[in-house]
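When reading the values below, keep in mind they use all heavy atoms of this one structure, side chains included, and skip hydrogens, waters and symmetry mates. Quick note on labels: first sequence line is chain A, next is B, and so on, each numbered from 1.
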Amino acid sequence: MAPLCLIKKEGVEMGLFIQQIVNGIALGSIYALIALGYTMVYGIIRLINFAHGDIYMLGAFVGYFALTTYKLPFGVSLALAMLIPALLGMLIERVAYRPLRKAPSIAVLITAIGVSLLIENLAMLWFSPDPRPFPQIFPLRPLELSGIRVSIPQVIVFITAVILMMALNFLVQKTKVGKAMRAVSQDKEAASLMGIDINRIISLTFALGSALAGAAGVMVGVIYPRIQPLMGVMPGLKAFVAAVLGGIGSIPGAMLGGLIMGLTESLVTALISSTWRDAIAFSLLIVILLVKPTGILGKSMREKV
Amino acid sequence: MTLETKQKKPDGYLMLFLALLILSVNLLLISGKMPAYYKGILGFAGINIILAVSLNLINGITGQFSLGHAGFMAVGAYVSALISIYLKWPLILALLLGAVVAALLGIIIGLPTLRLKGDYLAIATLGMGEIIRVVLLNLEITKGARGLTAIPRSTSIYLVELVAFITVIFTVNLMRSTHGRALLSIREDEIASEAMGINTTFYKVFAFATGAFFAGLAGGLFAHLMGYIAPKNFEFMRSIEILVMVVLGGLGSITGSIVATIILTILPEALRSFSQYRMVLYSGLLIIMMLFRPQGLMGTKELQVREVFRLFGFGGGKNV
């Protein structure tokens with residue numbers, strides 16, 4: 001994903017810097033949306049859901065077909081691009097992960113990798129591996145704010161991401177279902193003794209995470225208008241890095257991690273070179289894991305003997 | 001072997017079986033009856049066996065979940081290829097030096113990262129593999145995404161077989177030694193083995209470096225077999241492929257790794273006629289396999305020729 005909106009101005013170094021921060025925030029809000037799904041799923045069943053990046057890709061494709069083939073308005077397309085991935089996320093959990101809930105974690109991880117490969121290859125079969133142009137629904141005309149250009153798609157992406165995250169926060173913190181989710185992530189057995197249907201809560205977690213990833217897929221189509229079946233691999237891994245960075249299992253942590261990730265990437269692209277971007281993301285991960293494995297906002301878990 | 005030992009270890013028959021298998025394949029090779037296409041597959045199978053068995057040493061025997069094996073393979077491949085191209089040293093020296101550099105890198109990376117556990121270690125090693133790939137993409141000497149061409153194609157299939165054989169013998173013997181027991185005890189319970197006085201950090205790094213050494217060797221063989229390498233040969237997917245071989249065979253089972261590697265090297269080729277559905281089938285099989293037999297084909301058991309005889313009703317339950 002190369003930032004297309006990168007605007008270079010000769011001699012205005014500070015302007016370029018701030019410009020990259022704007023780009024980074026837009027990219028970071030997409031990472032944050034994907035990272036939320038990783039962090040919620042990891043928080044509740046301790047699984048790195050490798051298929052999550054592919055759910056995000058499917059979101060982009062659902063959005064694409066809704067906007068082009070069926071000519072639906074943007075709001076409806078976004079809703080569909082959240083609903084279909086949500087259902088798919090629940091299906092994947094039911095079919096592939098639930099039977100393995102007591103299995104060693106490596107078996108579940110391999111299954112997740114298998115699911116990811118399956119989705120990618122089916123997508124290449126159905127949608128063809130060639131990139132497609134995502135329809136331009138918003139005018140590309142940038143808004144000028146004292147020398148800094150913010151494109152309209154970037155503003156829309158940022159606002160949508162903030163609304164979705166606020167909605168998620170409300171759901172998790174203020175509703176009964178959210179309370180149940182937090183309880184299950186703390187202690188599954190105790191939660192089930194309190195009368196919480198664990199399977200339902202886990203399904204719901206997958207649905208929520210996948211819906212956010214689907215929304216992120218549409219968002220990315222809005223900013224970088226090229227989509228293809230393997231587009232989810234790298235952002236998926238990086239969003240996971242973002243989740244670890246912010247503290248896995250922590251919802252505000254995933255948002256913070258996503259933003260840091262987006263900012264670091266766009267600054268590295270501008271200041272060093274775009275080819276080093278991927279290495280920076282993973283170096284950041286290794287440093288974080290070595291210095292503070294619980295992440296910025298994560299709580300430490302004591303090892304039980 | 002006595003009846004008390006529940007977990008079966010590879011026996012003398014296994015060696016005999018392997019020797020016979022290699023002998024018959026080689027007879028075919030020497031007679032020149034084997035088409036080049038099959039020769040190619042055979043070469044890849046050999047390289048994959050080295051990779052899978054060495055990853056099994058890290059993942060299956062020591063229980064440290066590594067997802068960066070392709071990174072070590074890349075280091076071995078690039079170092080040995082550069083030596084062959086620029087210094088024109090003999091193949092064996094180039095291969096060994098590539099493997100040593102990979103092992104040193106294994107120690108440098110292993111020392112800090114092996115403090116991590118489970119999923120965190122997996123994701124850190126994944127990141128390490130990706131960093132190696134990006135570095136290769138950006139260095140002058142590795143020619144970036146275009147890759148290295150005109151590497152002397154000096155590897156023969158016999159050499160690949162020999163190295164694969166040495167890897168297997170080394171790993172099997174290691175498993176039976178004091179050091180191997182230490183590695184196994186770390187897999188079973190790290191805290192308990194530490195309490196028994198085993199230097200877990202040393203052994204974890206040792207397993208990591210040894211695995212990296214053989215992966216580097218496999219990378220060198222790969223470079224000199226193909227004559228061309230590029231960073232895209234060593235992507236994250238490559239690590240996953242090796243991991244799938246190990247897991248399908250059964251973590252900790254050397255013969256399992258070998259059997260799974262041979263199946264998984266031949267299967268995609270056999271499915272080539274429906275190339276469109278090939279990867280879909282492959283991933284589908286992977287999921288089904290994990291759902292119905294999460295411990296892999298062999299579990300931690302080893303394939304024994306005696307058991308195969310018994311399976312076909314030849315009796316022969318005597319202990320050797």
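- Within the model, atoms CG of A:D278 and CG of B:L137 stand 9.0 Å from one another, a figure rounded to the nearest 0.5 Å.
- Between the CZ atom of A:F282 and the CZ atom of B:R133 there is a distance of 8.5 Å, given to the nearest 0.5 Å.
- At least one side-chain heavy atom of A:L237 sits less than 4.5 Å from a side-chain heavy atom of B:F236.
- With rounding to the nearest 0.5 Å, the separation of CD in B:E130 from NZ in A:K238 is 9.5 Å.
- Residue B:L251 touches chain A through its side chain alone, counting heavy-atom pairs closer than 4.5 Å.
- Contact of B:L126 with chain A is made through the side chain alone, with heavy-atom distances under 4.5 Å.
- Residues of residues 50-62 of chain B placed with any heavy atom under 4.5 Å of a heavy atom in chain A are absent; none qualify.
- At a 4.5 Å heavy-atom cutoff, the contact between B:V280 and chain A is made by backbone and side-chain atoms alike.
- Applying the ring-ring contact (aromatic ring centres under 6.0 Å, His included) test to A:F240 and every residue at least two apart in sequence or in another chain returns A:Y38.
- Looking at A:L100, the atoms closer than 4.5 Å to chain B (heavy atoms on both sides) all sit in the side chain, from C-beta outward.
- Taking all atoms of both residues into account, the shortest heavy-atom contact from B:S283 to A:G114 is CB-O, 3.5 Å.
- Atom CD1 of A:I110 is separated from atom CD1 of B:I240 by 7.0 Å, given to the nearest 0.5 angstrom.
- Most heavy-atom pairs under 4.5 Å with chain A, from the set B:I123, B:L281, B:I132, B:L248: that is B:I123.
- Contacts of A:I119 with chain B are absent, with no heavy-atom separation under 4.5 Å from either backbone or side chain.
- Interface remark: B:L67 contributes side-chain atoms only to the contact with chain A (heavy atom separation under 4.5 Å).
- Around atom CZ of B:R293, more than 12 heavy atoms belonging to other residues, nucleotides or ligands sit under 6.0 Å away.
- In this structure, no portion of B:M289 lies under 4.5 Å from any heavy atom of chain A.
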